[in-house]
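Below, all heavy atoms of this structure are taken into account, side chains as well, without hydrogens, waters or symmetry copies.
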Amino acid sequence: LKAFVFDAYGTLFDVFSVTSLCEDLFPGHGKELANSWRKKQLEYSWLRSLMGRYRGFWGVTEDALVYSAKSLNLEITANERAQLMDCYLHLATFPDVKPGLEELEKIGMHLAILSNGEPEMLRAVVENADLSNFFTDTIFSVESVKEFKPSPRVYDQLSSGLKINKREIGFVSANNWDVNGASSAGFATFWIQRSGFETSEELGYPPTHVVNAITDLRRFRSPK
Ligand code: LAC
């Protein structure tokens with residue numbers, strides 16, 4: 001492998017770092033709101049792809065927040081909505097992210113991101129997490145194909161985008177459905193199973209490798 005391409009939300013960035021603000025704003029409902037928000041965000045991305053009605057991930061994320069608050073009978077003001085959406089630009093990174101990326105960079109791997117996020121929201125979260133130096137000009141978004149993961153068209157942009165042969169690209173995600181999508185599109189895949197409790201999807205395209213953290217990836221570099 002010459003390149004590792006990372007999923008963003010859930011893999012580099014902890015989407016559940018929104019939970020503490022959810023709990024501050026809606027005491028007793030923080031976890032429920034955060035869980036529903038993420039679940040609905042993904043559902044809307046899949047539904048919109050099927051409908052052929054693309055809307056940027058920022059809008060999809062906001063729609064999912066509005067739906068989730070409504071479904072839990074929580075009254076959310078415009079200001080609270082804006083505060084919660086702003087969390088998406090300041091998500092926490094998992095502890096293995098920076099050390100893992102540093103190791104991979106040191107051994108000369110090309111590093112990239114491929115995400116549902118729009119380029120602007122991705123650039124912001126990457127910059128706020130101080131990861132910009134790892135991903136100069138290598139943030140790829142579904143925006144170019146206007147269909148969400150796991151459409152094969154999303155993953156297929158990687159080879160031309162990176163100018164690296166498909167067989168030399170490893171796709172890394174903690175989202176098992178995303179791994180299935182990239183495997184199905186013909187990539188070598190790495191499923192990050194951080195907690196060890198996640199269940200594999202029954203979609204038929206399992207990961208090529210399972211690892212516990214980004215710091216486990218360096219052993220997969222091609223021999224020089
Ligand atoms: C992404 C989704 C999987 O970052 O959250 O593409």
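- The structure places CD of Glu168 at 12.0 Å from CZ of Phe187, a figure rounded to the nearest 0.5 Å.
- For Leu111 against Leu101, the heavy-atom pair with the smallest separation is CD1-O, 3.8 Å.
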Walk me through it: do Ser49 and Ser151 pass the test side chain to side chain donor-acceptor pair (under 3.5 Å)? CA-CA 8 Å; Ser49 291; Ser151 161; over 6 Å; no
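- The structure places CZ of Arg38 at 14.5 Å from CG of Leu33, a figure rounded to the nearest 0.5 Å.
- Transitive grouping of hydrophobic side chains (ILVMFWY, heavy atoms separated by less than 4.5 Å) brings Val125 and Val142 into a common cluster.
- A ring pair (Phe, Tyr, Trp, His ring centres under 6.0 Å) check over residues 153-174, counting only residues at least two apart or in different chains, returns the pairs Tyr155-Phe171.
- Residues Phe13 and Val126 are in side-chain contact: their nearest non-hydrogen atoms beyond the backbone lie under 4.5 Å apart.
- Enclosure of atom CD in Glu105 by more than 12 non-hydrogen atoms of other residues, nucleotides or ligands within 6.0 angstrom is indicated.
- Contact annotation: the side chain of Leu122 never approaches that of Pro119 to less than 4.5 Å [non-hydrogen atoms, C-beta and beyond].
- Without hydrogens or angle criteria, Asn176 side chain to Glu201 main chain gives a donor-acceptor distance under 3.5 Å.
- In this structure, the side chain of Trp191 engages the main chain of Ala174 through a donor-acceptor pair within 3.5 Å.
- Listed for the Asn128 side chain is a donor-acceptor partner under 3.5 Å among the backbone atoms of Ala124.
- Hydrophobic clustering of Ile, Leu, Val, Met, Phe, Trp and Tyr side chains at less than 4.5 Å, counting indirect connections, keeps Val179 apart from Leu1.
- A side-chain N or O of Gln41 and one of Thr61 form a donor-acceptor pair less than 3.5 Å apart.
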Kindly determine whether Lys166 and Asp156 satisfy side chain to side chain contact (heavy atoms under 4.5 Å, CB included), including the steps that lead there. CA-CA 9 Å; Lys166 190 170 181 171; Asp156 280 346; 3.7 Å; yes
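- Inter-residue side-chain proximity for Asn116 and Val60 is flagged as unmet; no heavy-atom pair is nearer than 4.5 Å.
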Applying ring-ring contact (aromatic ring centres under 6.0 Å, His included), run through Tyr88 and Tyr9 and close with a yes or a no. CA-CA 9 Å; Tyr88 254 83; Tyr9 304 109; 5.6 Å; yes
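- Qualifying side chain to side chain donor-acceptor pair (under 3.5 Å) partners for Ser36, counting only residues two or more places apart in sequence or in other chains: Ser68.
- Val66 and Val15 fall into different hydrophobic clusters, where Ile, Leu, Val, Met, Phe, Trp and Tyr are joined by side-chain heavy atoms under 4.5 Å apart, directly or via other members.
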Please test Ser144 against Gln157 for side chain to side chain donor-acceptor pair (under 3.5 Å), starting from the C-alpha separation and ending with a verdict. CA-CA 9 Å; Ser144 54; Gln157 64 181 296; 3.1 Å; yes
Can you list the steps and then say if Phe6 with Leu104 is a side chain to side chain contact (heavy atoms under 4.5 Å, CB included)? CA-CA 12 Å; Phe6 296 86; Leu104 294 173; 3.9 Å; yes
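- Here the side chain of Asp178 pairs no donor or acceptor atom with the backbone of Asn175 at under 3.5 angstrom.
- At a threshold of 4.5 Å between non-hydrogen side-chain atoms, the residues Asp7 and Leu114 do not count as touching.
- A distance of 14.0 Å separates NZ of Lys163 from NZ of Lys2, quoted to the nearest 0.5 Å.
- Shown here for Phe134 and Thr138, the closest heavy-atom pair between the two residues is O-OG1, 4.2 Å.
- Without hydrogens or angle criteria, Ser184 side chain to Tyr205 main chain gives no donor-acceptor distance under 3.5 Å.
- Scanning all heavy atoms of the two residues, the minimum distance from Ser45 to Phe57 falls at CB-CE1, 4.5 Å.
- The cluster map of Ile, Leu, Val, Met, Phe, Trp and Tyr, joined by side-chain heavy atoms under 4.5 Å apart, puts Val5 and Val210 in different clusters.
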Verify ring-ring contact (aromatic ring centres under 6.0 Å, His included) between Phe220 and Phe4, making sure each step is shown before the conclusion. CA-CA 10 Å; Phe220 296 98; Phe4 278 117; 7.2 Å; no
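- Using modelled atom types, one side-chain atom of Ser141 and one backbone atom of Gly117 make a donor-acceptor pair closer than 3.5 Å.
- For the pair Leu84 and Trp37, the minimum side-chain heavy-atom distance is below 4.5 Å.
- At least one side-chain heavy atom of Arg55 sits less than 4.5 Å from a side-chain heavy atom of Asp63.
- Judged by distance alone, with hydrogens and angles left aside, the side-chain atoms of Thr215 form no donor-acceptor pair with the main-chain N or O of Asp96 at under 3.5 Å.
- Annotation for Gly204 and Asn180: closest pair N-OD1, 3.6 Å, computed over non-hydrogen atoms.
- Residue His90 holds its NE2 atom at 10.0 Å from CD of Glu127, rounded to the nearest 0.5 Å.
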For the pair Lys31 and Glu23, evaluate salt bridge (Lys or Arg N to Asp or Glu O under 4.0 Å) and give the outcome as yes or no after the intermediate values. CA-CA 7 Å; Lys31 218 169 163 191; Glu23 183 62 28; over 6 Å; no
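- Looking only at side-chain heavy atoms (C-beta outward), Ile192 and Asn212 stay at 4.5 Å or farther from each other.
- With respect to the salt-bridge test (charged N to carboxylate O, under 4.0 angstrom), the residues Lys40 and Glu43 qualify.
- With a 6.0 Å cutoff to the six-membered ring centre and a 45° limit on the axis angle, Arg194 counts as a cation-pi contact of Phe94.
- Checking side-chain atoms of Glu75 against main-chain N and O of Asn73 turns up no donor-acceptor pair under 3.5 Å.
- What you find for Met85 and Glu62 is that their closest heavy atoms are SD-CA, 3.7 Å.
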Could you check Glu80 against Phe26 for side chain to side chain contact (heavy atoms under 4.5 Å, CB included), going step by step and ending with a plain yes or no? CA-CA 10 Å; Glu80 289 167 340; Phe26 305 104; 3.8 Å; yes
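- Minimum heavy-atom separation, Thr11 to Ile214: O-CD1, 4.4 Å.
- In this pair, His209 and Phe190 present their aromatic rings parallel. The plane angle is below 30°, not in the 30 to 60° band.
- Around OH of Tyr54, the count of heavy atoms belonging to other residues, nucleotides or ligands within 6.0 Å exceeds 12.
- No more than 12 heavy atoms of other residues, nucleotides or ligands sit less than 6.0 Å from atom CD of Glu120.
- Within the 4.5 Å cutoff, no side-chain heavy atoms of Val154 are placed close to those of Phe140.
- At distances below 3.5 Å, at least one donor-acceptor pair connects side-chain atoms of Arg48 with backbone N or O atoms of Arg53.
- Residues Leu42 and Met121 do not share a hydrophobic cluster, clusters being chains of Ile/Leu/Val/Met/Phe/Trp/Tyr side chains in contact below 4.5 Å.
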Given the rule in the side chain to side chain contact (heavy atoms under 4.5 Å, CB included) test, do Thr93 and Lys98 qualify, once you have shown the distances and angles that lead to the verdict? CA-CA 8 Å; Thr93 50; Lys98 228 183 210 171; 6.0 Å; no
As a quick check of understanding, evaluate ring-ring contact (aromatic ring centres under 6.0 Å, His included) for Trp177 and Trp46, giving each step before the final call. CA-CA 12 Å; Trp177 61 269; Trp46 301 324; 5.1 Å; yes
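- Around atom CG of Asp137, no more than 12 heavy atoms belonging to other residues, nucleotides or ligands sit under 6.0 Å away.
- Distance alone, capped at 3.5 Å, is enough to place a donor-acceptor pair between the Thr19 side chain and the Phe16 backbone.
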